[in-house]
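Worksheet: one structure, shown below.
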Amino acid sequence: MQTYQAKEIEAKWQRVWAEAGVHRTDPDATKTKFYTLEQFPYPSGEGMHMGHVRVYSIGDVIARFKRMNGYRVLHPMGVDAFGMPAENAAIERGVNPRDWTLNNMKKFREEQERLGISYDWDRYLATCLPDYYRFTQWLFLLFYERGLAYRKKASVNWCPDCATVLANEQVENGKCWRCDAEVTKKELEQWFLKITDYADRLLEGLDRLPRWPERVKTMQRNWIGRSEGAKVTFTLPELNDEPVTVFTTRPDTLYGVTYLVLAPEHPLVERLIAGKEKEEELRAFIEQMKKESEIERTAADAEKVGMDTGAVARHPLTGETVPVWIANYVLMDYGTGAVMGVPAHDERDFQFARKYGLPIRHVIQPRDGELENPLAEAYTGEGVLINSGPFDGMDNREAIRAISDQLAEKEAGGPAVTYRLRDWLISRQRYWGCPIPIVYCDGCGAVPVPKEELPVLLPEDVTFDGKRNPLTTSESFVQTTCPSCGGPARRETDTMDTFIDSSWYFFRYADAKNDRLPFDPERIREWLPVDEYIGGIEHAVLHLLYSRFFTKVLYDAGLVHVDEPFTSLLTQGMVLRDGAKMSKSKGNTVSPLEIIERYGADTARLFILFAAPPERDLEWSDSGVEGCYRFLGRVFRTVMRHEELFRNRPEARPEKGPARDLYRRIHRTIKKVTEDVGERYHFNTAISAIMELMNAINEYPEDADRGTLADALETGVILLAPFAPHLAEELWHAMGHETSVHEQPWPSYDPEMLVEEEVEMAVQINGRVRDKLVVPVTADRETVEQLALNQERIKNHLSGKTVRKVIVVPKKLVNIVAN
RNA sequence: GCCGAAGUGGCGGAAUUGGCAGACGCGCACGACUCAAAAUCGUGUGGUCUUUCGACCAUGUGGGUUCGACUCCCACCUUCGGCACCA
């Protein structure tokens, strides 16, 4: 008896498939396209981990299933290969970042190949290679031409450990997303992409993505942080009526303003305090607040501290003056960096006013009653305006509009929208990234490198000393000529955030070898959008927001016909062990290669798909893996035991008895697996259905119809093909087939076969199951009711009781209500 | 604090539209095969009580709707995730 030799089977078929090129994208344009994509990996030196195995296994089931269902599938793979680890290896070990990366890429790809995923390797791409990054530069120039890439001096996030700046999205709780170091602020001139121009469209687009998880959409909405209200312009009498504008979501409370607060960094602060009696004190106070880190300043429980500048501001509608304060809780990078204080109707303002003895003026009255005086807390609810001049008696929701309009009329502000989203800071003071294709000329300023001169290649003659951006050490790179005037010029030495590289790679797969353009719009039309995108939740805001932004810009430029890149998003859960995420530092990792070595890729894939539905976290279990290996071994032995059957295949005669039962089981299984894989992505229950079919096959009597048995075995192998592709292929050929099981059409089921002739119904009394009843499916309600009432057990239970009501749910149960 | 997701046997999980809770797998127990072990095959397996028949309890907690609730409604508890002085 042969035994299941996973390693040999897998090596054999991987070789055969590669030689025949079976995973190349189907050229048959008459078929419906399906683009399924797993987030491409960063090829770290450690190679693949179980999280990778999980995404790829999920993607491969979908790809194979769609192919068998007659779709033309695009299923590509590549690497997100720029990034800091390569550079750190260069600093620590003196290796060349390119060689180091290429070596890791090769190892990574070999590991992926051993999983037997059906990728079209012809479309493989690596973001760090010039044939890719020249088009990253091309796209940067497109943004530049469209006014969406600009340079400005700003206070930016700086990670001291990574020695580079970071985008807002890459700072988590004041720490660097990569290395966890405390992020500080630095005043630097940097490149930004104008993602804020797309804030509303990025929000609106979310409403057209029903197949995205709600929580990812919520996270993006939170991040964008759209806030509707009004801008209100006060004036500063002592500075020649210089305007100072605040943003508020509650313009209806404008008559309740009793003070203004500016951020310590506000540009008017310097002029306001100059010459004031308490100037020295104020200056010291401002310095101290500026020194406090972002997190200290913005922690919810941080004490609100402020100081009166001694200056006053004039109210645009009443003409009254109110004091101007400076306080730590007002942030320069949100809204206008200045707020109006309405203590009666804002909790924060209330606290602040109480602490510093500022006046509190009620301007909103609840509809049912009066506010207590003095207030114990701010009243933030709805109501009617009071103490508000011409607006008295107006509903506050109406007043929001009326007061905004009045402000607009007086040219003192008007309706306004503010976002939490900031422009995307993309400069990085690092070597191993895509060079920004800009040249600085003393005469012409910042000049873009012409597209036909791309790529701007990364130089080799650089020094990695860990002290400065290595690019600045390359004379051959820095010294150049101005594309505009031909005079001497310097190159930009910052590289781009690697999230730019991954913001367009899904387009490149559609036309991966184009050497003229990033992609031909016709090829995009052929394949985009991505029908199913699979990846981790950690990119809910980062990669997924940036990619949506890029897509919208490319749409506006007429390069792509879609304005959302991913129709459906599947966020797979983490792989845990002992309840914690696998990580080297915790020492709870399981090596995919070791598992493949020991049990085979089919077992690894099957376990990871069987142990939990894809979106949920998955608890690793060694014995669970054993179980899946045993199952595959059982399938192998079962088919091999019946190998003879396929030499002289008898016609199936499933008319009666066990054959009919098995035949029904086949069709039920097809339905279950088709729906679970095709509609719900519940691979775990699909696998359990196949297990049940195999159990039924093993219980099938020796003397029952052989043809039906052969059908069952064949169907089982076909259904298993997307999950355990190597074993399925091996068994398919053992059954005497010449073609690949993966080219088989997906089986269809006969709906008539799903209808049983007899059904077992539960008989309940007052909702408790007391007996079972087997009836023909055709039996009508009355018959079923009578049968149920005449069951011995039921009669016993009913003795002494009166039947009040009988509910019959056809094919399910009978419930007798009695007391 | 706000928003979101989830709580089901010893474990992973199933129950798709309000209709027999615990499919499938793991683990465990017993048995067959074996000199023995591994592998394999078979049987059983939510809890309590009961010799049996069976009865009762049970899907985080407490209520509600319903003939009937893991599923719907209300309140609460726990865990995880996101946002958080955002004006």
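Proteins get letters first, then strands, A, B, ... in listed order; numbering begins at 1 in each. In what follows, every heavy atom counts, from backbone to side chain, and hydrogens, waters and symmetry copies are set aside.
- Contacts of A:Arg634 with the nucleic acid, taken as non-hydrogen atoms under 4.0 Å apart, involve only primed sugar atoms and P, OP1 or OP2.
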N/O-N/O pairs, protein side and nucleotides 52-58 of chain B side, under 3.5 Å:
from: B:G54; atom 1: OP1; to: A:Arg793; atom 2: NH2; distance (Å): 2.6
from: B:A55; atom 1: OP1; to: A:Arg770; atom 2: NH1; distance (Å): 3.0
from: B:A55; atom 1: OP1; to: A:His797; atom 2: NE2; distance (Å): 3.1
from: B:C56; atom 1: OP2; to: A:Arg770; atom 2: NH1; distance (Å): 3.1
from: B:C57; atom 1: OP2; to: A:Arg768; atom 2: NH1; distance (Å): 3.3
from: B:C57; atom 1: OP2; to: A:Arg768; atom 2: NH2; distance (Å): 2.5

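- Taking only side-chain atoms of A:Ser623, from C-beta outward, the nucleotide of B:C26, B:A87, B:C67 with the closest atom is B:C26.
- B:G54 and B:G81 are spaced 48 Å apart, taking the C1' atom of each and rounding to whole Å.
- For B:C67, one of the phosphate oxygens OP1 or OP2 lies less than 4.0 angstrom from a side-chain nitrogen or oxygen of A:Lys805.
- Listed by first and then second residue, the salt bridge (Lys or Arg N to Asp or Glu O under 4.0 Å) pairs involving residues 676-690 of chain A are A:Lys672-A:Asp676, A:Asp676-A:Arg680 (not counting sequence neighbours).
- Closest to the A:Arg630 side chain, of the nucleotides B:G19, B:G82, B:C26, is B:C26.
- A:Tyr599 pairs in a ring-ring contact (aromatic ring centres under 6.0 Å, His included) with only one of the listed residues (A:Tyr629, A:Tyr4, A:Phe631), which is A:Tyr629.
- Base-pair partner of B:G18: not found among the strands shown (Watson-Crick or G-U wobble, both distances under 3.5 Å).
- At a threshold of 4.0 Å, the pair A:Arg221-A:Asp207 counts as salt-bridged, since one of the basic side-chain nitrogens sits closer than that to a carboxylate oxygen.
- With a 3.5 Å ceiling on both atom-pair distances, B:C53 lacks any Watson-Crick or G-U wobble partner.
- A donor and an acceptor atom, one from each side chain of A:Arg641 and A:Asn698, are located under 3.5 Å apart.
- If you check B:A23, B:C20, B:G19 against the side chain of A:Glu692, the one that comes closest is B:A23.
- Here B:U78 sits opposite B:A6 as a Watson-Crick or G-U wobble pair (both hydrogen-bonding atom distances under 3.5 Å).
- In this structure, B:C70 forms no base pair with any nucleotide, since neither Watson-Crick nor G-U wobble geometry is met with both distances under 3.5 Å.
- Residue A:Val817 is classed as a sugar-phosphate contact, given heavy-atom separations below 4.0 Å to backbone atoms only.
- For A:Lys812, the side-chain atoms get nearest to B:G19 when compared with the rest of B:G25, B:G19, B:A87.
- Across all strands shown, B:G42 forms a Watson-Crick or G-U wobble pair, both distances under 3.5 Å, with B:C30.
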Nucleotide N/O of nucleotides 10-14 of chain B paired with protein N/O under 3.5 Å:
from: B:G12; atom 1: O2'; to: A:Ala611; atom 2: O; distance (Å): 2.6
from: B:G13; atom 1: O3'; to: A:Asn684; atom 2: ND2; distance (Å): 3.3
from: B:A14; atom 1: OP1; to: A:Asn684; atom 2: ND2; distance (Å): 3.1
from: B:A14; atom 1: OP2; to: A:Arg616; atom 2: NH2; distance (Å): 2.8

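- Searching all strands for a Watson-Crick or G-U wobble partner of B:A23 with both distances below 3.5 Å returns nothing.
- The salt bridge (Lys or Arg N to Asp or Glu O under 4.0 Å) test applied to A:Asp622 returns A:Arg577, not counting sequence neighbours.
- Minimum atom distance to the side chain of A:Gln764 is reached by B:G19, of the listed B:G82, B:G19, B:G27.
- Listed by first and then second residue, the side-chain hydrogen bond (donor to acceptor under 3.5 Å, both in side chains) pairs involving residues 760-772 of chain A are A:Asp771-A:Gln791 (not counting sequence neighbours).
- Side chains of A:Tyr419 and A:Asp200: a donor on one and an acceptor on the other come within 3.5 Å.
- When each of B:C86, B:C20, B:G68 is scored by its nearest atom to the side-chain atoms of A:Glu760, the top-ranked nucleotide is B:C20.
- Listed by residue number, the members of residues 347-355 of chain A with any heavy atom below 4.0 angstrom from RNA chain B are A:Arg348.
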